[in-house]
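Structure, as structure tokens:
In what follows, every chain begins at residue 1, and chains take the letters A, B, ... in the order their sequences are listed.
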Number of protein chains: 2
Amino acid sequence: MTTPSAPSAAGRDLPHPHRSEIRLEGVLHALADPMRLAVVRRLAAGPAEQSCSALDLPVSKSTTTHHFRVLRECGVIRQTYRGTAKLNRLRRDDLQALFPGLLDSVLAAAQAEAVRRA
Amino acid sequence: MTTPSAPSAAGRDLPHPHRSEIRLEGVLHALADPMRLAVVRRLAAGPAEQSCSALDLPVSKSTTTHHFRVLRECGVIRQTYRGTAKLNRLRRDDLQALFPGLLDSVLAAAQAEAVRRA
DNA sequence: GCCGTACTACGACGAGTATCGTATGACTGC
DNA sequence: GCAGTCATACGATACTCGTCGTAGTACGGC
């Protein structure tokens, strides 16, 4: 079937909360899970856009999908399709505008704790 | 029934995690709940030490106790008995030493969101 | 068209948690 | 001693969440 008005590369759209809909408690809840915090740390440290499978979490595919969905629905990451892959990137600008310094503090805290535990 | 090894009167001690035992994910989890975040905000804004009942949360006494316990066990607050009341205060120093700027960022974010919603 | 890859949707299960009511313990003041 | 206040402990309940497996959809290449 021919998609009339949809470009093939980005045919599927995913729902994202608008900047004004992002809630602090949602962001904190999303970051409070170790698996999701690890995802955010790697998105912050590595390339700006990374696919779900590139992060290779130590859980099943289903669970990986679940965590990425939580991060997206809470406004922490933005997801876009690119062929069969889905690319993820941090919503740094939106988070910085809403909660200045919060993301950086959490990332620095995570880094500090990782160093401390090593 | 006479408690044989009754903990002596004024010396009721409550277990607190040592500074080195405080985990980032625990702190974030504690702060992700709206009720607990409200408690922390009021402890930060008001007098340094406030009793449990002084905050007058819109939940039952049992639930209030539960939330204070979570905050204490995650290392966010310190609780000490004073007569019949129990005084709560933020562990600002410990949190600042472990995760510099984190608590202030969260408090500022909560304040910003409260203003935005008004 | 057919197959492989990447991700999703759905249902299920166990663990954790937020809430409550009631009963209990600790302290203060009479 | 007795009563009142503050907070706790315990059990119950309903809900959320993290995890999985299986079945299914979308895309790209053969």
Side-chain angles (χ1 to χ4, degrees), chain A residues 1-3 6-16 23 25-39 49-74 76-88, chain B residues 1-16 23 25-26 28-39 49-74 76-89:
Chain A
M1 89 185 178
T2 59
T3 48
S8 60
R12 291 174 286 172
D13 272 5
L14 291 162
H16 288 80
R23 308 279 284 104
E25 75 186 58
V27 173
L28 292 178
H29 171 252
L31 297 178
D33 184 275
M35 203 72 67
R36 292 193 288 263
L37 184 56
V39 169
E49 291 191 322
Q50 300 180 49
S51 70
C52 295
S53 56
L55 286 104
D56 196 33
L57 300 179
V59 291
S60 74
K61 290 277 190 185
S62 322
T63 307
T64 301
T65 297
H66 163 71
H67 285 307
F68 275 100
R69 177 207 281 263
V70 171
L71 286 170
R72 170 173 47 89
E73 292 181 343
C74 291
V76 177
I77 65 172
R78 191 172 289 281
Q79 298 188 291
T80 50
Y81 279 106
R82 175 131 187 183
T84 81
K86 192 156 72 170
L87 296 182
N88 309 279
Chain B
M1 45 194 81
T2 60
T3 47
S5 63
S8 68
R12 284 188 290 170
D13 271 1
L14 290 163
H16 289 80
R23 297 272 160 261
E25 72 186 59
L28 291 178
H29 171 252
L31 297 178
D33 184 276
M35 204 73 67
R36 291 192 289 261
L37 183 56
V39 169
E49 291 192 322
Q50 299 180 50
S51 71
C52 294
S53 57
L55 284 104
D56 196 32
L57 299 180
V59 290
S60 74
K61 289 276 191 186
S62 321
T63 307
T64 301
T65 298
H66 163 71
H67 285 306
F68 275 100
R69 174 205 283 261
V70 171
L71 286 170
R72 187 189 76 232
E73 292 181 344
C74 291
V76 178
I77 65 171
R78 191 173 289 281
Q79 297 188 291
T80 50
Y81 279 105
R82 175 131 188 181
T84 84
K86 192 157 69 172
L87 296 182
N88 308 279
R89 65 179 191 273

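Dashed line: the shortest gap from a side-chain N or O of B:Ser53 to OP1 or OP2 of D:dA7 is under 4.0 Å. Proximity of A:Arg69 to the phosphate of C:dA9: a side-chain N or O atom is located under 4.0 Å from OP1 or OP2.
In this structure, B:Leu57 atom CG and D:dC6 atom P are separated by 15 Å, rounded to whole Å. What separates OH of B:Tyr81 from P of C:dC27 is a distance of 9 Å, to the nearest Å. To the nearest angstrom, P of C:dA9 lies 8 Å from CG of A:Leu14. At whole-Å resolution of the value, CD in A:Glu25 and P in D:dC17 are 11 Å apart. The CD atom of A:Gln50 sits 15 Å away from the P atom of C:dA6 (whole-angstrom rounding). Taking atom CD of residue B:Glu73 and atom C1' of nucleotide D:dA9, one finds them 13 Å apart after rounding to whole Å. Taking atom CD of residue B:Gln79 and atom P of nucleotide D:dA7, one finds them 10 Å apart after rounding to whole Å.
Among the heavy atoms of the strands lying under 4.0 Å from A:Thr65 is at least one base atom, whether or not backbone atoms are also near.
A:His16 and A:Gln79 get closest at one heavy-atom pair: NE2-N, 2.8 Å. When all heavy atoms are compared, the tightest approach of B:Leu71 to B:Ala30 is CD2-CB, 4.0 Å.
Atom CZ of residue B:Phe68 and atom CG of residue B:Leu14 lie 12.5 Å apart, to the nearest 0.5 angstrom. Considering OG1 of A:Thr64 and CE of A:Met35, their distance stands at 8.0 Å, rounded to 0.5 Å. One finds the CG atom of B:Leu28 at 10.5 Å from the CG atom of A:Asp33 (value rounded to the nearest 0.5 Å).
In terms of the side chain to side chain donor-acceptor pair (under 3.5 Å) criterion, A:Arg78 has no residue partners (sequence neighbours excluded).
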- If a protein heavy atom is under 4.0 Å from the base, mark B; if only from the sugar-phosphate, S; if neither, -; do that for nucleotides 13-24 of chain C going 5' to 3'. ----SSBBBB--
